[in-house]
Amino acid sequence: MLEAIIKYGFMQHAIISILLASIVCGIIGTIIVEKKLVMMSGGIAHASFGGIGLGFLLGIEPIIGGLAFAIVSAILIVFIKRKTDTSSDTIIGMLWSLGMALGILFISLMPGYPPDMTTYLFGDILTVSRTDIYFMLSLTVIIVMSCLTFYNYIKSFLFDETFLNSQGINTLFLEYYLFILIAFSIVILIKVVGIILVITLLTVPPAIAKRVTYRFNSIILLAWIIGMILCFLGLTFSFYFNVSSGATIIILSSIFYFISMLLPSKE
């Protein structure tokens, strides 16, 4: 496999995408797990399918359409949750189904044969292009810089929102900002594990890390390392056994999580 990494560009792209995806898993995954935003993130991920279908229909890069739909969905979830008495589950379920339905509708409107959606639904790390790498790198830099800049505010928002409000900090802006970063992270991971499987990769590494340590910084760092190991193992199995890389990564992640349950929890 080392020879293939040196020889083939698509393997080098896969390794770079693993590094970027693991950074996202460490930072945004920890935020999602600590703030209990797993289902909301699932809603944003599935809503992005509508943008991917629209991208195909309009002839633009599908992942750009997916990003636009993910951001709009993130903003809508926060807006409706804050401004109405509608429960979060209703909003998530509606956006989840609406995004998938729009994606299917847009693709059905395309002339000729519909595109192969497997890469976007279930991921294929071996098809990550140079353009995808630049796109993923840009979003990852934004996520890292944002979290470094607002680190103390984000930490307070996760664990004591009331205290942050009492200090005059605009938590509404912070919530919108975090949800947009979650939308960015979902788009980064779509090419790695796909829309349907993205939540597992965002939640399993920090969930395993939380069983080992309770320190916030350590959870982020450990989740980063665990995410990188899981993705690399998935890529290795996928390469040698010629099976779906996204599904392999998710199956390995689930197995490692169940094994981690044997460890005494630090929570």
Side-chain angles (χ1 to χ4, degrees), residues 16-49 51-52 62-78 92 95-96 99 120-121 123 125 128 132-151 154-155 157-158 174-209 216 219-228 230-231 234 246 249-250 253:
I16 295 172
S17 62
I18 282 175
L19 294 175
L20 298 177
S22 59
I23 292 172
V24 169
C25 292
I27 300 173
I28 300 300
T30 301
I31 291 172
I32 288 173
V33 170
E34 292 290 354
K35 198 63 177 174
K36 296 180 173 57
L37 300 174
V38 177
M39 291 308 295
M40 287 191 181
S41 305
I44 296 171
H46 285 75
S48 69
F49 185 69
I52 289 172
I63 207 71
I64 301 290
L67 176 63
F69 265 58
I71 292 174
V72 170
S73 302
I75 293 172
L76 273 177
I77 286 175
V78 177
I92 295 165
L95 288 176
W96 188 308
Y120 293 95
L121 288 174
I125 200 170
V128 175
D132 293 329
I133 292 292
Y134 289 142
F135 191 65
M136 293 168 69
L137 179 62
S138 301
L139 295 183
T140 304
V141 169
I142 292 173
I143 289 173
V144 171
M145 295 304 296
S146 297
C147 290
L148 286 176
T149 303
F150 299 110
Y151 177 78
I154 291 173
K155 194 173 176 181
F157 180 73
L158 293 180
L174 202 55
E175 188 171 10
Y176 274 115
Y177 201 69
L178 279 179
F179 269 72
I180 290 173
L181 293 183
I182 291 172
F184 283 5
S185 65
I186 287 168
V187 172
I188 291 172
L189 295 174
I190 281 177
K191 292 290 282 186
V192 179
V193 291
I195 291 170
I196 294 177
L197 308 176
V198 69
I199 288 304
T200 301
L201 193 56
L202 272 175
T203 55
V204 166
I208 294 175
F216 187 63
I219 293 173
I220 292 176
L221 180 61
L222 194 55
W224 177 2
I225 296 170
I226 292 171
M228 190 162 49
L230 292 173
C231 289
I249 291 170
I250 297 306
S253 300

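The chain is numbered in sequence order, starting from 1. Note that this is a predicted model, so its numbers are computed, not measured. Heavy atoms only: backbone and side chains are in, while hydrogens, waters and symmetry mates are out.
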S.K.: How close do Thr30 and Gly26 get, counting heavy atoms only, and between which atoms?
M.R.: OG1-O, 2.5 Å
S.K.: So which heavy atom on Ser17 is nearest to which on Ile133, and how close?
M.R.: N-CD1, 4.0 Å
S.K.: Tell me whether the rings of His46 and Trp96 are parallel (<30°), tilted (30 to 60°) or perpendicular (>60°).
M.R.: parallel
S.K.: Please report the closest heavy-atom contact between Pro205 and Leu230, naming both atoms and the distance.
M.R.: CG-CD1, 4.4 Å
S.K.: Taking atom NZ of Lys36 and atom CG of Leu158, what is their separation to the nearest 0.5 Å?
M.R.: 10.5 Å
S.K.: Once rounded to the nearest 0.5 Å, what's the spacing between atom CD1 of Ile208 and atom CD1 of Ile225?
M.R.: 12.5 Å
S.K.: Hey, does Val38 have a side-chain heavy atom less than 4.5 Å from the side chain of Leu202?
M.R.: no
S.K.: What distance do Phe179 atom CZ and Leu76 atom CG have between them, rounded to the nearest 0.5 Å?
M.R.: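 Rounded to the nearest 0.5 Å, the CZ-CG separation comes to 12.0 Å.
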S.K.: May I ask you to test the Phe184-Thr140 pair for a side-chain heavy-atom distance under 4.5 Å?
M.R.: no
S.K.: Would you mind reporting whether Ile52 and Phe69 have side-chain heavy atoms less than 4.5 Å apart?
M.R.: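 Phe69 vs Ile52: side chains apart.
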S.K.: Does any part of the side chain of Ile143, heavy atoms only, come nearer than 4.5 Å to the side chain of Ile188, both counted from C-beta?
M.R.: yes
S.K.: Measuring only between side-chain heavy atoms, which start at C-beta, is Ile154 closer than 4.5 Å to Tyr177?
M.R.: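 No, every pair of side-chain atoms sits at 4.5 Å or beyond.
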S.K.: Rounded at 0.5 Å granularity, tell me how far OG in Ser22 sits from CD1 in Ile226.
M.R.: 11.5 Å
S.K.: Within the structure provided, determine whether Met136 and Val128 are in side-chain contact (heavy-atom separation under 4.5 Å).
M.R.: yes
S.K.: CG of Leu67 to CD1 of Ile186: how many Å apart, nearest 0.5 Å?
M.R.: 10.5 Å
S.K.: Between Ser73 and Ala47, which heavy-atom pair has the shortest distance, and what is it?
M.R.: OG-CB, 3.1 Å
S.K.: Do you know which two heavy atoms are closest between Ala70 and Val187, and how far apart they sit?
M.R.: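 Smallest heavy-atom distance, with atoms named: CB-CG2, 4.2 Å.
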S.K.: Look up atom CG in Leu121 and atom CD1 in Ile190, then write down how far apart they are to the nearest 0.5 Å.
M.R.: 9.5 Å
S.K.: Kindly give the heavy-atom pair with the smallest separation between Ile31 and Cys147, and that separation in Å.
M.R.: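 Taking Ile31 first and Cys147 second, the nearest heavy atoms are CD1-SG, 4.5 Å.
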S.K.: Indicate yes or no: at least one non-hydrogen side-chain atom of Ile44 is less than 4.5 angstrom from one of Leu95.
M.R.: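 No, too far: nothing below the 4.5 Å cut-off.
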S.K.: Does the pair Lys35 and Leu178 meet the rule for a side chain to side chain contact (heavy atoms under 4.5 Å, CB included), with working shown?
M.R.: CA-CA 11 Å; Lys35 198 63 177 174; Leu178 279 179; over 6 Å; no
S.K.: Would you say the side chain of Ser41 lies within less than 4.5 Å of the side chain of Val198, judging by non-hydrogen atoms?
M.R.: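 Side-chain contact under 4.5 Å: no.
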